[in-house]
Structures are given as structure tokens and as C-alpha cells.
Novice: 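The structure's right below; bear with me while I get my questions together.
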Amino acid sequence: VHPLHGEAAAAALVARGWSVTTHVVPAGEASKSWAELERGLARARAAGLERGDLVVALGGGVVGDLAGLVAALHLRGVAFVQCPTSLLAQVDASIGGKVAIDVPDGKNLLGTFHFPHAVLIDPHSLRTLPSRQLSAGLAEMLKHGALFDAAHFAELESSAAAVRAHDAQLTARLVRRSVALKAACVAADPFEVAPQGRNLLNLGHTLGHALETCSGFDLLHGEAVGLGLRAAARLSAALGLAAPTVEAAIVRALAAAGLPTDLDARLERHAAGELTGAMGRDKKRAGGTVTYIALEALGRPTTRALEPQRILDLLRPRAAPC
Ligand SMILES: NC(=O)c1ccc[n+]([C@@H]2O[C@H](COP(=O)([O-])OP(=O)(O)OC[C@H]3O[C@@H](n4cnc5c(N)ncnc54)[C@H](O)[C@@H]3O)[C@@H](O)[C@H]2O)c1
């Protein structure tokens, strides 16, 4: 992002009288690490960043999560502004104040809540985003629709081709709707304590995170979430909560968004123990169960406490012991 947009952003701030120090981190999930956190904090100290100053996170969700944690820790917290440049960060990672790094046991396990002063979204920054990353962002938007707004879900399916063709006006409208849906959910339960509040945003993430981890991060986060959405629909039907047509609708929307739909092949690729182990390490676990976000229909979420093995059994009944 830095070579594409960094200098223009810094120059715009300087032109308005700000004094700017730039700190660049390598692209990729590996930068959400202790080492990069330490490097960022050292840079903030070396730059003499004071309480009244602020951190601007210009980049995808990796930069937002890392820069936000630096801002939360430096001098016990300085302000920060999110300038998300990937679609996934615009509709999801930059909204809601969760900041974190990864540790060897799992993703996002070390972090805090540090709400941004502002989130500035420029849809034109998406012009340089690789199309695979654009599709990954659409997965989180489909999640918002599946959770809270079936009409948004349907519009995303019919508009996915235009978004992928960089129709900035249409994309801006859909991004605004997704942001509004996520922000309303976060505002009602900012610290994720309600039984059916912010945790609903975890739809698609229990299995999604497990598939992402077990793939050695060969699947993008959004791609894994897309497969997790399909899994949630299938599991909901298996529990008698939702009609089987919900899974079919999700598969159609994932395909339109250019996302993988090969859930069965992915489930078969990994040993059951690998996936249940990864699900068992989920942050949302309580005792032996995890809070699984299910769907009664598109736009009607619900939760169930389930053991990881039961989740797998419901998702691949053919693999269950005879
Ligand atoms: N804090 C939260 O609530 C929250 C929510 C969802 C996801 N996340 C986190 O966000 C991360 C994923 O975010 P992501 O999908 O943005 O990944 P990312 O930050 O790795 O960005 C994806 C890639 O796109 C590049 N990129 C970003 N914007 C670009 C642009 N405009 N043009 C060209 N290239 C661009 C990045 O350099 C990177 O290589 C994960 O670490 C995930 O855990 C956090």
C-alpha cells in the first residue's frame, strides 16, 4: 500500500500543517506479530509521539489491527484514525475498535478494544486492490447481509460483477450499507458481552478460522469466512433451524463474488482432529463448547453452544462413524 498510496496520504497531511512520521510494515498477516508490534512501538517513541498526536492506519486489516494496537499501548493510548484501503478492511476490520496481533496458538489472541477517532474510506483506493482481495471483502459484506439484511445480501449477489469491475459509485453505496449494519451491531454491544450481540459477527468464523489456519493461510481470511458462511447454512439446516435453500443461496452468492465454494473438498483435505483442534482454540469457546452462530433464514441469526466434533459431524454426515 505504501508505494501506491503512502506518499500521497502523507503529502496531503503535510499540506494541512501536520508533521508526519511514516512507518512501513511488510505486507501480509505475518506482520501482526510481537516483533512488528515492538518495532511500531519503538518507532512511536523515537518519533516522540505525544498524547495529543495520532496514529493513522493506512492499509488493509493487517495494518489497521497492528497500528491500532500500537496506538492503544503507546503512552497508555493515543488517538488513531483508520484509513482502510482493502474492501475487507473498509467494511469490517476498521469498524468496531478491535485491535490485535496473532500469537503462535492462534489469530488475534492478543489485543484490546481501542476505538478509532474516525474511519475514512475512499472507495477509489480499491482500484489498485487485486481482484482476489476484492472478492475476500465481498465475503464479509455477504456476512453482514446474511446476518441482518436479506435485501443487502440479494443486492450483493446481483451487483458482485459490477463491484469486481470497479464501479466506484455502486461499491460506495454497498460499502456504506455494510458499514452501517456492522456499526449498529457494535454500538449495541461494543465490548461483546451480550449473548446475541456483537458475537453474531462471528458468523462463518468458527469453521472459517479453522480452515484458514489449517490451510497454512493459503486461504485468505475472507475466502475462509465465505466457506464458513456456507457451513453455517448447512449446519443450520442439519439442526432443523433453516431451510436447505439457504445453503444454495449462499453458494450462488459466493460464486458471483468469485469466492471458493468447495466446502466438502476443504473438509476432506484436513484430518478431523486438525479442524476440531483449531475450532477448540477459538476465542469464543466456553468449557468444551464454542458459541456457533447459525441462521434461521437470511437476516435471522441465532446461536447454539456446540462441541467442535459435533460441528464437524453436522457438516460432513457421511464421515460420521457408521
Ligand atoms: N479488527 C477487526 O475487527 C477485524 C475484522 C476482520 C478482519 N480483521 C483482520 O484483518 C486482516 C485481513 O485484512 P485484509 O483482508 O485487508 O488483509 P491485508 O491487510 O493483508 O491486505 C490484503 C493485501 O492487500 C494489500 N492491499 C491493501 N489495500 C490495497 C490497495 N488499495 N491496493 C493494493 N493493495 C492493497 C495489502 O498490502 C495486502 O497485501 C486479518 O488479519 C484479520 O484478522 C480484523
Side-chain angles (χ1 to χ4, degrees), residues 1-9 24-33 36-37 57-72 80 82-103 106-116 119-144 166 168 171 175 178-179 181-183 185-186 189-192 198-205 208-209 211-213 217-226 228 259 282-284:
V1 173
H2 180 67
L4 294 167
H5 305 287
E7 276 170 27
V24 182
V25 301
E29 185 70 26
S31 280
K32 278 174 56 174
S33 65
E36 285 302 331
L37 178 64
L58 179 77
V62 164
V63 169
D65 278 12
L66 177 68
L69 191 54
V70 168
F80 91 114
Q82 290 271 24
C83 295
T85 59
S86 72
L87 183 57
L88 187 138
Q90 294 184 352
V91 296
D92 195 14
S94 66
I95 312 294
K98 281 190 180 178
V99 295
I101 57 168
D102 305 331
V103 290
K107 264 171 68 75
N108 298 327
L109 291 184
L110 200 151
T112 186
F113 291 89
H114 191 56
F115 294 91
V119 182
L120 303 177
I121 298 174
D122 180 353
H124 295 289
S125 66
L126 299 177
R127 276 198 207 128
T128 54
L129 189 70
S131 64
R132 191 177 166 200
Q133 298 286 350
L134 204 59
S135 293
L138 280 166
E140 297 282 3
M141 298 173 83
L142 287 168
K143 180 192 78 178
H144 295 145
H166 295 286
T171 305
V175 165
S178 260
V179 168
L181 291 170
K182 173 157 184 187
C185 177
V186 169
D189 178 28
F191 296 105
E192 200 167 333
R198 192 171 175 163
N199 64 343
L200 294 176
L201 294 165
N202 240 18
L203 176 68
H205 282 63
H209 261 166
L211 287 175
E212 185 182 5
T213 310
F217 295 98
D218 157 47
L219 272 177
L220 296 179
H221 178 73
E223 292 172 338
V225 167
L259 287 158
D282 194 289
K283 292 196 290 307
K284 274 80 191 172

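Counting starts at 1 for both ligands and their atoms, following the listed order. In what follows, residues are counted from 1 in the order of the sequence shown.
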Novice: If we only count N/O pairs under 3.5 Å, is Val62 in contact with ligand 1?
Specialist: yes
Novice: Is a donor from one side chain sitting under 3.5 angstrom from an acceptor on the other, for Glu7 and His2?
Specialist: no
Novice: Could you check whether His5 and Thr128, counting side-chain N and O atoms only, form a donor-acceptor pair closer than 3.5 Å?
Specialist: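 Note: Thr128 and His5 side chains meet the donor-acceptor criterion.
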Novice: For ligand 1, which atoms, with element, lie under 4.0 Å from some heavy atom of Ala27?
Specialist: 37 (O), 39 (O)
Novice: Any luck finding a side-chain donor-acceptor pair between Asn108 and Lys32 under 3.5 Å?
Specialist: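 Per modelled atom types, Asn108 and Lys32 side chains form a pair under 3.5 Å.
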Novice: In the protein, which heavy atom is nearest to atom 44 (C) of ligand 1, and how far is it?
Specialist: Asp65 OD2, 3.3 Å
Novice: Distance under 4.0 Å to a non-hydrogen atom of Lys98: what atoms of ligand 1 satisfy this?
Specialist: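 Within the 4.0 Å cut-off of Lys98, ligand 1 contributes 1 (N), 2 (C), 3 (O).
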Novice: Which ligand 1 atoms does Val1 reach within 4.0 Å, using its non-hydrogen atoms?
Specialist: 26 (N), 27 (C), 28 (N), 29 (C), 35 (C), 37 (O)
Novice: Just jot down the ligand 1 atoms closer than 4.0 angstrom to any heavy atom of Lys107, in number order.
Specialist: 40 (C), 41 (O), 42 (C), 43 (O)
Novice: What do you reckon, does Arg127 put a non-hydrogen atom under 4.0 Å from ligand 1?
Specialist: no
Novice: So is Lys182 touching ligand 1 or not, going by heavy atoms under 4.0 Å?
Specialist: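 The answer is yes, since Lys182 has a heavy atom less than 4.0 Å from ligand 1.
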Novice: Heavy-atom distances under 4.0 Å decide this one: backbone, side chain, both or neither, for Gln133 against ligand 1?
Specialist: side chain
Novice: With respect to Glu140, determine whether any N or O atom, backbone or side chain, lies less than 3.5 Å from an N or O atom of ligand 1.
Specialist: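 Min N/O separation from ligand 1 is not below 3.5 Å for Glu140.
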Novice: As a check for students: among Ala93, Gly68, Ala89, identify the option with a heavy atom nearest to atom 8 (N) of ligand 1.
Specialist: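 Ranked by closest heavy atom to atom 8 (N) of ligand 1, first place is Ala93.
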Novice: Residue-level breakdown please: for Thr128 versus ligand 1, do any non-hydrogen atoms fall below 4.0 Å on the side chain, on the backbone, on both, or on neither?
Specialist: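 It is both parts that get close, each with some atom under 4.0 Å.
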Novice: Consider ligand 1: state whether an atom of it lies below 4.0 angstrom from any non-hydrogen atom of Leu126.
Specialist: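 The answer is no, since Leu126 has no heavy atom less than 4.0 Å from ligand 1.
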Novice: Is the shortest distance from a heavy atom of Ser125 to ligand 1 less than 4.0 Å?
Specialist: yes
Novice: Which of the numbered atoms in ligand 1 are below 4.0 angstrom from a heavy atom of Asp92?
Specialist: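 Taking each heavy atom of Asp92 in turn, ligand 1 has 5 (C), 6 (C) under 4.0 Å.
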Novice: Examine Lys32 against ligand 1 and note whether any of their N/O atoms are separated by less than 3.5 Å.
Specialist: yes
Novice: Quick one: which of His5, Glu29, Glu212 has a heavy atom closest to atom 41 (O) of ligand 1?
Specialist: Glu29
Novice: Of the protein's non-hydrogen atoms, which lies at the shortest distance from atom 28 (N) of ligand 1, and what is that distance?
Specialist: Thr85 OG1, 2.7 Å
Novice: Do any nitrogen or oxygen atoms of His221 lie less than 3.5 angstrom from nitrogen or oxygen atoms of ligand 1?
Specialist: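 No - when backbone and side-chain N and O of His221 are compared with those of ligand 1, no distance drops under 3.5 Å.
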Novice: Based purely on interatomic distance, does Gly61 place a nitrogen or oxygen under 3.5 Å from a nitrogen or oxygen of ligand 1?
Specialist: yes
Novice: Heavy atoms only, cut-off 4.0 Å: how does Asn108 contact ligand 1, side chain, backbone, both, or neither?
Specialist: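 For Asn108, the contact with ligand 1 is made by the side chain alone.
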Novice: Have a look at ligand 1 and work out which part of Leu4, if any, has a heavy atom under 4.0 Å from it: side chain, backbone, both or neither.
Specialist: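 The answer is the side chain.
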